[in-house]
Amino acid sequence: MARSKKRKAEEGDVIRIGDKVISLEGYLTKKPKTQSTIGSPTANSAKGDLRKPHQSSTSQHLSPERVLTTFKPCLPPSGDPQYFAVRQALPLWTRQDDIRRILRRKDVLILVGETGSGKSTQVPQFLYQEQWCRKKKVKVELDGTTQEVSVGGVIAVTQPRRVAATTLAHRVSREVGTPLSSHSFNGLVGYSVRFDHRVPRGTKIKYLTEGMLLQEMLRDPHLRQYSAIIVDEIHERSVDVDLLAGFLKQIICGDKAGRGGVPLKVVIMSATANVESIKRFFSPEDGATEGNGSVEYLRIEGRQFPVEIIHTPKPVPDIEEALLETIIKIHTEEALSDKYGRKDILAFLPGQEQIESAKDRIEEWASGLDPNLPKIKVFPLFGQLPIEAQHQAFQPLPSGFTRKIVLATNIAETSVTVPGVRYVIDCGKAKIKEYRPRLGMESLLPKGISKSSAIQRAGRAGREGPGKCFRLYTKETYESLPESDLPEILRTDILNAVLTMLARGVNDILAFPLMDPPEAESVEKALLHLNVLGAIDDNGIITQMGRKMVMFPVTPPYARVLLAAAEPEYDCLLEVIDIIACVTAGEDIYLQLRSEDEESEAMQLRKELYRREGDLITYLTTMQRYTSENADRTKWCKDRKINVRNMKQALNIRKQLRGLCVKEGMMEDPPKDPQPFTPVSPEQAEKILKAFLKGFALKTAILAPDYSYVTSHGKHVVAIHPSSVLHGQKKEAIMYLDYVYTQKNYAKKVSVVQSSWIAEALGA
DNA sequence: GAGCACTGC
């Protein structure tokens with residue numbers, strides 16, 4: 001009886017791929033369901049707590065070890081007076097004592113602050129002079145011996161985007177009145193993002209991207225240099241912020257021995273009020289209201305102008321038609337400006353195709369416009385647009401008698417702010433990327449947005465004055481929308497997330513605290529894939545190779561390719577770095593050719609970059625030509641319709657990967673640019689593609705007798721995407737880096753391979 | 001014959 005039970009359990013704890021059996025013991029132990037029912041504070045109790053006299057110091061949470069405090073003179077509340085008046089006018093200003101008081105007693109503060117509340121700039125300034133924020137010398141157990149280390153002193157503020165981290169740091173450094181410069185100078189404020197670090201000596205407030213803090217955790221799992229972590233914009237729910245929240249919860253709720261008993265304060269900041277699940281996540285299981293992990297909640301009103309919301313009375317059959325009608329209505333009935341300034345229009349559409357089509361329709365209508373009415377100028381705004389074209393959408397128009405209409409994707413919802421907008425038109429849809437673990441495939445399809453996204457979009461009309469938001473859907477449709485978007489971790493391949501956890505010492509992936517844990521099946525698929533890549537062994541333990549793979553700022557398959565390329569058998573590391581730099585630099589370094597003229601001119605020049613081996617060797621040739629270019633590289637890109645920004649990014653990545661590979665002893669110092677261009681030989685190209693197969697053997701397809709490509713993993717029919725140089729061609733077998741369902745199953749970034757190579761890569 | 005948006009010592 002007991003025996004058969006045991007066998008059954010064992011069977012459930014292994015997975016098989018081919019003839020390999022992987023034990024999942026330790027991974028798949030289900031998380032005990034001990035959801036706490038108490039301890040999630042309400043707004044009322046929060047108020048009640050605030051009236052209590054605050055209790056002194058945090059020493060009660062400290063471990064018995066002696067805490068040596070290094071007393072530094074408290075920095076005077078200096079700062080630039082010209083900013084002081086502005087800071088005082090922020091809604092947050094009057095609540096600073098509340099915030100300080102809360103964090104003296106509690107470890108976690110969840111702060112909801114609407115747009116314009118000033119939370120991202122002010123909260124760290126309110127806190128950095130607090131007693132608990134001083135650097136302390138403490139004793140910790142390290143490798144069996146007691147050592148003295150310093151803990152705390154710095155507040156980290158995480159941001160989902162690089163631009164936000166750097167611009168906030170600039171702003172706050174001006175407000176406190178210290179320079180934002182490199183390591184060698186003194187200053188209170190710094191930032192750290194990929195390719196750009198400015199952390200002055202004595203930095204107390206450090207803005208960084210979420211990914212950067214995760215990266216720091218590889219070296220410093222207890223976040224010893226920090227007294228507090230402020231997680232900003234958590235409502236965006238990137239994979240990185242979800243992982244970060246998990247690690248923070250572990251630190252808060254676990255024992256603080258690794259920090260010498262010094263607590264870590266955490267401030268979670270969200271722009272949307274929908275934080276119930278976040279509150280529940282951070283609330284201690286024992287319901288404690290003080291000390292270890294206790295949570296407080298505070299809400300700060302924003303400083304927005306009112307926005308009138310107008311829904312359509314009936315569902316609209318044709319979005320584009322409704323959009324045009326709404327624009328006509330606004331343009332003919334509403335003033336061009338008022339005492340607050342310009343009154344321009346921002347419309348949210350799902351994608352480039354709808355934007356371009358709508359632009360044509362609007363311009364056609366505007367050409368027959370009554371000459372007494374203001375003119376119209378339409379600006380498209382989406383990520384793949386060259387940077388100069390994007391900037392045009394932000395510039396004020398030279399003529400005062402023209403209304404600006406910006407047609408944008410979701411880029412205008414979070415990443416950029418278009419000035420002058422007082423009317424928002426929301427079509428209610430956005431393209432969403434989703435991952436199907438069972439098919440190993442992504443989809444990119446237009447879907448209904450969430451309520452919080454709709455609110456966010458409407459808010460864009462009230463930044464500079466009272467505004468209006470026209471929703472091209474009914475009130476009932478709005479009411480039926482989900483409260484918030486599905487977090488990224490539930491709609492993406494968690495391969496990298498799982499390896500990230502393993503490398504940071506998480507052995508039981510399913511027991512790791514996550515606000516929204518992915519399906520066990522997704523985790524299993526990721527573990528299987530990591531095993532195929534050699535990052536974990538058959539017992540699910542991270543391997544030497546897995547540890548090396550996390551060192552690289554690329555996804556595990558790319559990291560595997562880098563490691564393969566360094567082996568003598570392949571010996572093509574420099575080439576592989578060039579290719580990976582190109583494919584991870586952005587959506588695509590090649591801009592799509594539009595008009596006939598562009599086609600012929602750029603096409604002619606691109607021809608010399610194109611290679612019949614496929615897209616990867618074409619990318620390599622592009623990078624080699626680009627770096628051999630001595631003259632004007634920007635012009636070189638423009639002539640070939642190559643995205644200058646992405647190409648520069650690719651060059652940065654190339655430099656970073658080269659540096660890492662040298663540091664890891666995988667290669668000697670590479671020759672300096674520019675090197676004369678020599679085309680890669682067919683033999684070398686073969687080695688490169690074979691190295692790529694070590695990471696992408698499962699992303700291959702074989703030509704079937706009916707001339708369709710059938711994937712070797714899953715047996716789906718897949719077509720070569722039109723952006724590929726191999727589009728329309730029939731080869732024995734192909735390897736691709738991306739597999740996305742849009743109009744149909746598409747393989748992107750495609751290369752010609754031989755079926756024997758695939759077998760070889762899978763077998764070895 | 002087609003392309004939501006981010007990120008990574």
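Below, read A as the first sequence line, B as the second, and so on, with proteins coming before strands; counting in each chain starts at 1.
Ionic pairing of Asp516(A) and Arg237(A) is present here: one or more N-O contacts between side-chain nitrogen and carboxylate oxygen are shorter than 4.0 angstrom. A salt bridge links Glu216(A) with Lys206(A): the closest approach of a Lys/Arg side-chain nitrogen to an acidic carboxylate oxygen falls below 4.0 angstrom. A salt bridge links Asp738(A) with Lys749(A): at least one charged nitrogen is closer than 4.0 Å to a carboxylate oxygen.
Nearest to the side-chain atoms of Leu218(A) among the listed nucleotides dC9(B), dA5(B), dC4(B) stands dC9(B). For Ser723(A), taking side-chain heavy atoms from C-beta onward, the closest of the listed nucleotides dT7(B), dC9(B), dA2(B) is dA2(B). Relative to the side chain of Arg219(A), the nucleotides dC9(B), dA5(B), dC4(B) differ in distance, and dC9(B) lies closest. Among the nucleotides dC4(B), dG1(B), dG8(B), the one closest to any side-chain atom of Arg194(A) is dG8(B). For Ser415(A), the listed nucleotide lying nearest its side chain is dA5(B); candidates were dC4(B), dT7(B), dA5(B). Considering only the side chain of His721(A), dA2(B) comes nearest among dG8(B), dC6(B), dA2(B). Residue Glu488(A) has its side chain nearest to dA5(B) when only dG8(B), dA2(B), dA5(B) are considered. Residue Thr555(A) has its side chain nearest to dG8(B) when only dG8(B), dA2(B), dA5(B) are considered.
Among the atoms of the strands shown, none is found under 4.0 Å from any heavy atom of Asp588(A). Ile411(A) comes within contact range of the sugar-phosphate backbone alone, with a heavy-atom separation under 4.0 Å but no base atom that close. Val554(A) comes within 4.0 angstrom of a base, heavy atoms only. Within 4.0 Å of Glu236(A), counting heavy atoms only, lies no atom of the nucleic acid at all. Within 4.0 Å (heavy atoms only), Phe382(A) reaches sugar-phosphate atoms of the nucleic acid but no base atom.
Comparing Thr414(A) and Gly211(A) against DNA chain B, the residue whose closest nucleotide sits nearer the 5' end is Thr414(A). Along DNA chain B, the nucleotide nearest to Pro350(A) and the one nearest to Met551(A) differ in position, and the one closer to the 5' end is contacted by Pro350(A).
Aromatic ring centroids of Phe696(A) and Tyr558(A) lie under 6.0 Å apart.
In this entry the distance linking CD of Gln743(A) with P of dG1(B) reads 12 Å, nearest Å. Following rounding to the nearest Å, Asn410(A) (CG) and dC4(B) (P) show an atom-to-atom distance of 11 Å. If you measure from atom CZ of Arg237(A) to atom P of dC6(B), you get 20 Å, rounded to the nearest angstrom. Remark: C1' of dA5(B) and CZ of Arg457(A) are 11 Å apart, rounded to the nearest angstrom. Distance, Asn652(A) CG to dT7(B) P: 13 Å, rounded to whole Å. Atom pair Tyr191(A):OH and dG8(B):P shows a separation of 12 Å (rounding to whole Å applied). Atom CD of Glu216(A) and atom P of dG8(B) are 12 Å apart (whole Å). When the P atom of dC9(B) is taken as reference, atom NZ of Lys655(A) falls 14 Å away, rounded to whole Å.
Taking only side-chain nitrogens and oxygens, Ser192(A) never comes nearer than 4.0 Å to OP1 or OP2 of dC9(B). Look at Ser238(A) and you won't find any side-chain N or O under 4.0 angstrom from OP1 or OP2 of dC6(B).
Looking at Thr555(A) and Asn496(A), their side chains never bring a donor and an acceptor atom within 3.5 Å of each other.
Side chains of Leu562(A) and Ile577(A) form a contact here, defined as non-hydrogen atoms less than 4.5 Å apart.
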